[in-house]
Amino acid sequence: MTKRSLWRLVIVLAVLFGCGYFFTPLSKVKLGLDLRGGVHFELEVQGQEALVADLRDSKDRMVSRLREKGLPGAMVRVDGPALRVEGVGADQKATVEKVAKDYFSGYAVAAEGDGFRLTQKDSYQKQLKDDANKRALEVIEKRIRDIDPANVLEPEITASGAEGNRIVVEIPGIEEGDRERIKKLLATPGRLEQRLLAKAPQVYFTSKEEALAFFKGAIPQEFELLPEIESERQARRAGQPVVKAKPGEEKISRWVLLESRVAVDGADIIDSHRASNSQTEANEVNFTLNKKGDDDFARLTGTASEENRLIAIVLDRKIVTELSAKEKIIGGAVRISGSFSAQEADDLASQLRSGALRAPMKFLEERVVGPGLGRDSIHMGVRSALIGFATIIGFMVFFYRWSGMNAIIALTVNVIVMMGLLGSFRATLTLPGIAGFVLTLGMAVDANILIFERIKEELGLGKSVPGAIDAGFDRVFWTIVDSHVTQLFAALLLFIFGTGPVKGFAVTLTVGVVASLFTSIYISRYIYDWILEQHPGTKTLSIGVHTMFKGSTFDFMKYKGTALAISWGIIVISLLYVAPWNLTHNKRIRLGMQFVGGNDMTVRFRG
């Protein structure tokens, strides 16, 4: 063996052992939900809600700033997509305008009548939406970490979508019974607020309509009406049967009038945990505030004790409980009592600890795969891959004799390299990924067929075996590279813009294209060179005698104009007939669940 061949052998063995390290044992290969079982959620951040939330926060900040400047009479209200400042005297306009420009740089300020209108700038709206997307990803990662602190489940949490406003959450190994709990934990904003009950003649109402009638059609700007959720404790006191409400279906016991200003915000929480009341043994949630939150809470409790007013604990714009304060409370420790189960208290503590979402989440897709179905998918996928591999072996040996064995060895190396690359990238293998795996085997052997057919042509022209092999590889090299690069670009586009099954298919297709390019050109050529070294001066090459269309002289290019005309005619007629530009009321195109929504259920009968 020459020194050059020895080095090439060392490179091949290094690649094989290196790839083998990353996927042996096979437990190193991560399996997707369709193979392992679990839950899949695709959520969309409602960016528009982040803009509305910022308007509410900016309103409170504007009121505080104007009071600091000695303008307590100025009225600030949310007017559609803007803030409206009213009740400003002519001598106060300069002050209001300065406050708006100094402290609200994301808003465009315009004089309007006797006040000002503040509108969010486009750049500021984009910033708010981007921040909401980033915050959503961070919060979801923290909440999932609370469910699985040891990272045993290995969840996949990725951002997707053209604007980055979609989040795909995949948690293997989760049973269907835990789906609703996780779904609620992911989608609940977790925004906690503490506010004083309004200083008004009446603060409790049986309905929203009663409150509007009391205030003659409009709630004053300094107040806000929110629902109070009926707790188990309230039901027991009223002698009513205790019924556990489903998430989102809680019963409203009454409507409560609160101050619109948020006294203490959930962003100031530094720790929260579940606790048990020593007297009632009921589950509670205790949380600790930072220095700013401690100061705000001390002021809040001080005002509540002096004016004998209650403090409402508001979670996601619903009142969960009301607290009284006999004196100013210092120390930043707060307790929320209610009708919590142990799991609900743990989940609420997790939501408060991870922070609030800046915009609510909308579920676009949810999918549950049982572990039994996953095992069946693995067996079917492996079986199809083995059948495909065996079929290729039979075809190559029948058509190309010993040269076919060259292709089979290269194909085996291709499989090892693909598995190694998947393992090294920590890629997740899915059922569509197995389909991409099988497809790659076919594409890999296609490159060998191009090489073998070219070698047969060169041998037919009278070239020697070494000359025919050199010419065969040289003349199809750029054809193989061109086809593989084209496939690689298509696979990358699927990976970038696809989600779920499409992305799983793209991963194995990308890896397969890279492995195929290496094995079809480098490994096959090395095998031929090694054989020529062992048999110098050989006059024959076992490459088969089967040839299709040998001696055919049909002039395809003569009819290229006719072929193009027919092809474009079929395309145009098909487009006019199907009318794909009108998908809403198109009877000829039926959209799948990915576009119109729906339920997809796979049921396996036990026989």
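- You'll find the side chain of Ile523 stays beyond 4.5 Å of the side chain of Tyr526, heavy atoms only.
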Walk me through it: do Leu488 and Thr510 pass the test side-chain contact (heavy atoms from CB on, under 4.5 Å)?
CA-CA 6 Å; Leu488 184 61; Thr510 303; 3.6 Å; yes
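- At least one side-chain heavy atom of Val15 sits less than 4.5 Å from a side-chain heavy atom of Phe518.
- Ring-centre distance between Phe477 and Phe473: not below the 6.0 Å cut-off.
- Between Lys463 and Glu458 there is a salt bridge, with a side-chain nitrogen of the basic residue lying less than 4.0 Å from a carboxylate oxygen of the acidic one.
- Between the CG atom in Asn414 and the CZ atom in Phe389 there is a gap of 9.0 Å [rounded to 0.5 Å].
- Shortest non-hydrogen contact noted between Ser464 and Leu459 is O-CD2, 4.1 Å.
- When all heavy atoms of Ala407 and Met396 are compared, the closest pair comes out as CB-CE, 3.6 Å.
- At most 12 heavy atoms of other shown residues, nucleotides or ligands fall within 6.0 angstrom of atom CH2 in Trp7.
- Between the side chain of Ser542 and the backbone N or O of Ser403 there is no donor-acceptor pair closer than 3.5 Å.
- Lys456 contributes atom NZ, which lies 13.5 Å from atom CG of Leu461 (distance to the nearest 0.5 angstrom).
- Residues Ser520 and Asn448 bring no donor and acceptor atom of their side chains to less than 3.5 Å of each other.
- At least one donor-acceptor pair under 3.5 Å links the side chain of Gln46 to the backbone N or O of Glu44.
- No side-chain heavy atom of His40 sits less than 4.5 Å from a side-chain heavy atom of Val169.
- Distance alone, capped at 3.5 Å, is enough to place a donor-acceptor pair between the Thr519 side chain and the Ser516 backbone.
- A salt bridge links Lys126 with Asp130: the closest approach of a Lys/Arg side-chain nitrogen to an acidic carboxylate oxygen falls below 4.0 angstrom.
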Where do Phe17 and Tyr21 land on the ring pair (Phe, Tyr, Trp, His ring centres under 6.0 Å) test, with the steps shown first?
CA-CA 6 Å; Phe17 282 110; Tyr21 169 79; over 10 Å; no
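- A distance of 8.5 Å separates CD1 in Ile11 from CZ in Arg8, rounded to the nearest 0.5 Å.
- In this structure, Lys183 is positioned above the aromatic face of Phe363, its NZ or CZ under 6.0 Å from the six-membered ring centre and within 45° of the axis.
- In this structure, the side chains of Tyr400 and Asn406 stay at 4.5 Å or more apart for every pair of heavy atoms.
- Counting non-hydrogen atoms of neighbouring residues, nucleotides and ligands closer than 6.0 angstrom, the CG atom of Asp122 reaches no more than 12 such neighbours.
- Between the Thr508 side chain and the Phe505 main chain, a donor and an acceptor come within less than 3.5 Å of each other.
- Taking 4.0 Å as the cut-off between side-chain N and carboxylate O, Arg525 and Asp529 count as a salt-bridged pair.
- Counting heavy atoms of neighbouring residues, nucleotides and ligands inside a 6.0 Å radius, atom CZ of Phe489 does not exceed 12 of them.
- Ring pair Tyr124/Tyr107 is tilted by interplanar angle, where 30° to 60° counts as tilted.
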List the steps, then state whether side-chain contact (heavy atoms from CB on, under 4.5 Å) holds for Leu517 with Val481.
CA-CA 7 Å; Leu517 193 60; Val481 170; 4.2 Å; yes
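- Annotation for Phe495 and Val507: closest pair CE1-CG2, 3.5 Å, computed over non-hydrogen atoms.
- No side-chain donor from either of Tyr528 and Glu533 sits under 3.5 Å from a side-chain acceptor of the other.
- Counting only heavy atoms from C-beta outward, the side chains of Ile455 and Glu453 never approach each other to under 4.5 Å.
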For Asp54 and Gln125, what are the C-alpha separation, side-chain angles and deciding distance, and is it a side-chain contact (heavy atoms from CB on, under 4.5 Å)?
CA-CA 10 Å; Asp54 183 75; Gln125 289 185 341; over 6 Å; no
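- We find that Lys142 and Glu138 are not joined by a salt bridge, their nearest charged nitrogen and carboxylate oxygen being 4.0 Å or further apart.
- Arg383 contributes atom CZ, which lies 11.5 Å from atom CD1 of Ile434 (distance to the nearest 0.5 angstrom).
- With contacts defined as side-chain heavy-atom distances shorter than 4.5 Å, the pair Val39/Glu170 does not qualify.
- Judged by distance alone, with hydrogens and angles left aside, the side-chain atoms of Asn133 form a donor-acceptor pair with the main-chain N or O of Lys129 at under 3.5 Å.
- Taking the side chain as every heavy atom from C-beta outward, Leu575 and Pro580 approach each other to under 4.5 Å.
- To the nearest 0.5 angstrom, Leu509 atom CG is 8.5 Å from Met418 atom CE.
- At least one side-chain heavy atom of Val415 sits under 4.5 Å from a side-chain heavy atom of Phe437.
- When every heavy atom of Thr486 is checked against every heavy atom of Asp482, the shortest pair comes out as OG1-O, 2.8 Å.
- Heavy-atom minimum distance, His484 versus Val513: O-CG1, 3.2 Å.
- The two atoms that bring Ile167 and Leu137 nearest to each other are CD1-N, 3.7 Å, heavy atoms only.
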Given the rule in the side-chain contact (heavy atoms from CB on, under 4.5 Å) test, do Leu441 and Leu411 qualify, once you have shown the distances and angles that lead to the verdict?
CA-CA 7 Å; Leu441 294 180; Leu411 208 58; 4.3 Å; yes
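- Using modelled atom types, one side-chain atom of Arg588 and one backbone atom of Tyr577 make a donor-acceptor pair closer than 3.5 Å.
- Atom NZ of Lys362 is separated from atom CZ of Arg166 by 9.0 Å, given to the nearest 0.5 angstrom.
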